[in-house]
A.B. asks: 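Attaching a single structure in structure tokens format; questions to follow.
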Amino acid sequence: YCEVQVVDEIFNPEAAEVMGLTRVGQVCIMIHSGSRGLGHQVCTDYLLELDKEMKKSKISLNDRQLACAKISSPVGQNYLAAMASAANFAFCNRSMMAAAARKAFTAVFSRSPKDMEMHQVY
């Protein structure tokens, strides 16, 4: 979703300025793409492989959700690559949503994103 917000108070001016939030009344758009579900799916998909790898490496944990593997192992490398793909998807998804928001604001306000100071902040 995209949520249009207005800054009504600035608690930490130094931190706010780093993020481009410089004044009360400034309009912001919060973008949430729900891409965390893909990261969760990657984790779920790898739990069995990570369990096997932990047994092989004689690693025991109290919580299966903390499953792990040596980063240098094939399973560790595959898991890292899958999570990197999920992160890339999330980045691209948010970028596309930001581009659509900029396009909509341009159409409604007849001003460029640059003139409206529509910068992306993470």
Side-chain angles (χ1 to χ4, degrees):
Y1 63 82
C2 290
E3 179 179 297
V4 179
Q5 303 173 339
V6 177
V7 175
D8 64 359
E9 190 172 352
I10 296 176
F11 295 100
N12 183 330
E14 294 81 22
E17 189 173 349
V18 168
M19 294 180 274
L21 304 173
T22 57
R23 62 191 177 280
V24 170
Q26 186 173 356
V27 176
C28 304
I29 303 170
M30 181 173 76
I31 296 175
H32 176 72
S33 66
S35 57
R36 188 186 93 143
L38 179 57
H40 184 273
Q41 187 63 53
V42 168
C43 183
T44 299
D45 291 348
Y46 273 87
L47 273 177
L48 288 175
E49 287 190 56
L50 291 168
D51 278 344
K52 291 176 193 171
E53 190 69 18
M54 286 184 357
K55 286 177 185 161
K56 196 164 74 173
S57 299
K58 296 181 178 149
I59 299 171
S60 68
L61 299 169
N62 294 335
D63 185 346
R64 184 172 183 250
Q65 294 294 317
L66 298 175
C68 61
K70 292 180 180 175
I71 200 87
S72 59
S73 71
V75 173
Q77 287 294 301
N78 290 341
Y79 176 71
L80 251 165
M83 283 306 242
S85 294
N88 286 339
F89 167 79
F91 178 81
C92 291
N93 197 28
R94 283 189 300 275
S95 294
M96 294 301 295
M97 291 173 74
R102 286 185 182 103
K103 186 175 180 180
F105 269 61
T106 297
V108 169
F109 298 110
S110 300
R111 295 175 62 199
S112 74
K114 184 177 180 179
D115 289 341
M116 292 183 280
E117 300 179 41
M118 295 185 77
H119 310 290
Q120 192 161 338
V121 179
Y122 280 92

A.B. asks: With Glu49, which residues qualify under salt bridge (Lys or Arg N to Asp or Glu O under 4.0 Å), at least two apart?
C.D. replies: none
A.B. asks: Can you tell me how far the CG atom of Leu21 sits from the CG atom of Asn12, to the nearest 0.5 Å?
C.D. replies: 11.0 Å
A.B. asks: Check ring-ring contact (aromatic ring centres under 6.0 Å, His included) between His32 and all other residues, then give those that pass, not counting sequence neighbours.
C.D. replies: Tyr1
A.B. asks: Excluding sequence neighbours, so at least two apart, what forms side-chain hydrogen bond (donor to acceptor under 3.5 Å, both in side chains) with Gln5?
C.D. replies: Glu3
A.B. asks: The criterion is ring-ring contact (aromatic ring centres under 6.0 Å, His included); which residues satisfy it with Phe89, sequence neighbours excluded?
C.D. replies: none
A.B. asks: Clusters formed by hydrophobic residues whose side-chain heavy atoms approach within less than 4.5 Å: which one holds Leu61, and what are its other members?
C.D. replies: Met54, Ile59, Leu66
A.B. asks: side-chain contact (heavy atoms from CB on, under 4.5 Å) with Ala104: which residues, sequence neighbours excluded?
C.D. replies: none
A.B. asks: Sequence neighbours left out, what passes side-chain contact (heavy atoms from CB on, under 4.5 Å) with Val4? Give chain and number order.
C.D. replies: Val27, Phe105
A.B. asks: Counting only heavy atoms not in Asp63, do more than 12 fall under 6.0 Å of its CG?
C.D. replies: yes
A.B. asks: Is there a side-chain contact between Asn78 and Tyr46 in this structure, where contact means two heavy atoms from C-beta onward sitting under 4.5 Å apart?
C.D. replies: yes
A.B. asks: Using salt bridge (Lys or Arg N to Asp or Glu O under 4.0 Å) as the criterion, list what pairs up with Asp45, not counting sequence neighbours.
C.D. replies: none
A.B. asks: OG1/Thr22 to CD/Glu117 distance, rounded to the nearest 0.5 angstrom?
C.D. replies: 6.5 Å
A.B. asks: Which heavy atom in Asp51 sits nearest to a heavy atom in Ala67, and how many Å separate them?
C.D. replies: OD1-CB, 4.3 Å
A.B. asks: How far does SG of Cys28 sit from NE2 of His119, to the nearest 0.5 angstrom?
C.D. replies: 11.0 Å
A.B. asks: Restricting to non-hydrogen atoms, name the atom on Cys2 and the atom on Ile29 that form the minimum distance, rounded to 0.1 Å.
C.D. replies: CB-CG2, 4.1 Å
A.B. asks: Side chains of residues 93-102: which donor-acceptor partners sit under 3.5 Å, not counting sequence neighbours?
C.D. replies:
unit_1, atom_1, unit_2, atom_2, d
Asn93, ND2, Ser33, OG, 3.4
Ser95, OG, Phe91, O, 2.9
Arg102, NE, Met118, O, 3.2
Arg102, NH2, Met118, O, 3.2

A.B. asks: Just verifying a value: how many Å separate Gln65 CD and Leu47 CG, rounded to the nearest 0.5 Å?
C.D. replies: 5.5 Å
A.B. asks: Counting heavy atoms not belonging to Gln77, are there more than 12 under 6.0 Å from its CD?
C.D. replies: yes
A.B. asks: Show which residues join Ile71 in its hydrophobic cluster (side-chain heavy-atom contacts under 4.5 Å, direct or indirect), or state none.
C.D. replies: Leu80
A.B. asks: The criterion is salt bridge (Lys or Arg N to Asp or Glu O under 4.0 Å); which residues satisfy it with Lys70, sequence neighbours excluded?
C.D. replies: none
A.B. asks: Which Ile, Leu, Val, Met, Phe, Trp or Tyr residues join Phe11 in one cluster when any pair of side-chain heavy atoms under 4.5 Å counts as a link?
C.D. replies: none
